[in-house]
Amino acid sequence: LDVESPDIPDVTLIDLPGIARIAVGQQPKDIGAQTKALIKKYIQKDETIILVVVPCNQDIATVEALKLAQEADPTGTRTLGVLTKPDLIDPGTEATILDIMDNRKYPLKKGYTIIKCRGQKDIDDDVPLSEATDNEEKFFKFHEYFEELFREKKTGTRTLAGKLTTELVEQIKKSVPLLKKDINEKLAQADRELRLMGTGVPQDPMDRMRFLVDLLNEFTGDLGKLANGDNSRTNMTRKEQDELKLISKVREAHEQFETEIQGLLPDKDMLDDIKELIETNRGNELPGFLSYPVCQALIREQVDKFKEPANDCLQRVNQEVESVASQLITDRLQAYPPLEREIKRRIDELRQAQEKTAREVIEQQFEMESLVFTQDKIFKKAFEEVEKEDTHAKRKKDGFQFVDERSDQEKEAERMLQNLKAYINVSVTRLADTVPMAISLHLLTKFAQEVKTQMSMMIGQAGKTLELLQEDADIVDKRRALEEKRDRLHKAYQKLVKFN
């Protein structure tokens with residue numbers, strides 16, 4: 001209910017229900033808990049003033065509202081006590097009321113005000129509020145016990161209204177910094193949404209064409225920056241930056257790939273299988289001569305294990321590129337649904353084509369790895385490092401004095417394992433770089449280049465593309481609503497500045 005008058009205080013009054021104890025009629029059984037929850041919802045807000053209303057003919061010690069107010073406002077900076085029905089107190093209890101009013105009993109930091117509202121007879125007789133307020137003033141002014149309270153300005157509805165207005169102003173002053181911050185955040189959000197919507201499509205044909213060119217160039221520019229690891233815009237929120245951090249997400253995928261293939265390196269658990277493979281495939285080799293076919297088979301089997309992590313890495317990067325490109329399309333083109341759908345379709349096709357090419361390149365890399373080749377110097381260095389590690393491990397286990405009790409088969413298997421580990425270390429080093437490089441080349445660099453070319457072709461086909469440049473009616477309405485909201489927020493902020 002809005003009440004407008006030059007003669008009333010500027011406050012918002014929320015009349016909360018009393019705390020129900022017994023469900024009446026069709027009320028729910030938990031009506032007490034519901035009313036308490038409703039009361040707490042409002043009185044817990046820091047910007048509110050709590051009025052605890054207590055009838056004078058009720059023992060204040062039993063008033064649960066005071067307890068709720070103390071829980072919501074333990075410092076007492078927002079709580080005012082209001083005593084009502086002073087005409088109904090029992091004779092002889094006036095001293096108790098005076099003790100409460102003077103804050104000697106159940107003190108409140110903001111103190112108490114005592115008022116006398118219209119009785120039922122006054123309401124039935126249509127006594128005007130102004131007359132009732134005058135009668136209230138006379139009641140306290142000439143009361144045997146309460147005249148002192150009248151002189152101390154602790155009585156009457158007018159006093160309470162003035163006190164409330166003063167307290168509310170002080171409370172608002174404390175809230176001004178938070179209100180300013182809240183308004184600034186809402187302004188920034190409105191500006192971001194308006195920026196994403198754009199200013200609308202121009203009607204003039206030349207302006208419309210320039211608008212399209214700028215729109216598509218900005219989009220391709222953003223995508224190119226993201227593919228190179230730059231922010232697409234400098235005025236993005238932290239959340240927007242995190243959503244569009246393509247390179248960091250791609251790096252995570254590459255690092256995970258390396259971690260996975262490092263975890264698949266051959267170890268001593270393979271010795272029994274190696275021994276069995278050597279015995280099964282032994283030809284005319286003399287004892288001590290390593291079988292190259294066996295070594296080659298072991299290497300190819302080990303390299304094959306790296307294919308799954310490589311494909312997982314490709315798939316993960318592909319998903320990240322799809323997600324970021326989709327987000328960018330939405331951010332830049334959501335106001336123009338036909339154009340947005342067409343560009344999304346074309347970009348999905350380009351991305352899928354580059355993903356397919358990257359997969360073919362990776363398959364070719366694994367075909368090359370199956371050739372089992374590396375430069376002699378590189379392999380010798382890798383083998384020496386494996387030998388050094390194995391020797392260090394044996395010394396750590398047995399000390400510098402140890403007896404070699406291994407059989408010839410065990411020695412041959414361990415030498416084969418050393419060769420396998422040395423070569424696989426070289427292979428892992430190669431793949432840890434070449435697989436991510438192939439993925440980045442096609443799903444980032446070439447993808448961004450192809451998108452730029454595709455957008456240039458769309459600009460070249462201006463007639464067809466301009467037909468797609470149709471703004472959604474809902475966007476027009478939303479832009480207008482946001483502009484009005486932004487204007488209101490600016491005015492509110494200016495008022496807060498003046499108020500402060």
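What you are looking at is a predicted structure, and each value in this text was computed from that prediction instead of being measured. We're numbering straight along the sequence, starting at 1.
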Any side-chain heavy-atom pair of Thr48 and Tyr42 under 4.5 Å: no

Ionic contact status for Arg415 with Glu412, cut-off 4.0 Å: no

Close side-chain approach of Glu258 and Gln262, heavy atoms under 4.5 Å: yes

Results of salt bridge (Lys or Arg N to Asp or Glu O under 4.0 Å) for Glu255 - residues two or more places apart only: none

CE (Met368) with more than 12 external heavy atoms under 6.0 Å: yes

Salt-bridge criterion met for Glu252 and Arg316 (N-O under 4.0 Å): yes

Closest approach of Thr220 to Lys452 (non-hydrogen atoms, all atoms of both residues): CG2-CA, 4.0 Å

Side-chain heavy-atom pair Leu223, Phe447 within 4.5 angstrom cut-off: yes

Counterpart residues, side-chain hydrogen bond (donor to acceptor under 3.5 Å, both in side chains), relative to Asp273 (two or more places apart): none

Those residues that, when tested against Lys381, pass side-chain hydrogen bond (donor to acceptor under 3.5 Å, both in side chains) (two or more places apart): none

Partner residues of Lys446 under the salt bridge (Lys or Arg N to Asp or Glu O under 4.0 Å) criterion, sequence neighbours left out: none

Over 12 foreign heavy atoms within 6.0 Å of CZ, Arg479: yes

Check: Gln189/Arg192 side-chain N/O donor and acceptor closer than 3.5 Å: yes

Nearest atoms (heavy-atom pairs only) where Ile459 meets Met209: O-CE, 3.7 Å

Minimum heavy-atom distance between Ala358 and Ala438, given as atom pair plus value: CB-O, 4.2 Å

For Asp267, side-chain hydrogen bond (donor to acceptor under 3.5 Å, both in side chains) partners two or more places apart: none

Pro17 vs Leu38 side-chain heavy atoms within contact, under 4.5 Å: yes

Ring geometry between Phe379 and Tyr423 (parallel below 30°, tilted from 30 to 60°, perpendicular above 60°): tilted

All pairs passing salt bridge (charged side-chain N to carboxylate O under 4.0 Å, His left out) where residues 351-377 contributes a residue, at least two apart: Glu322-Arg351, Asp348-Arg351, Glu355-Arg359, Glu369-Arg430

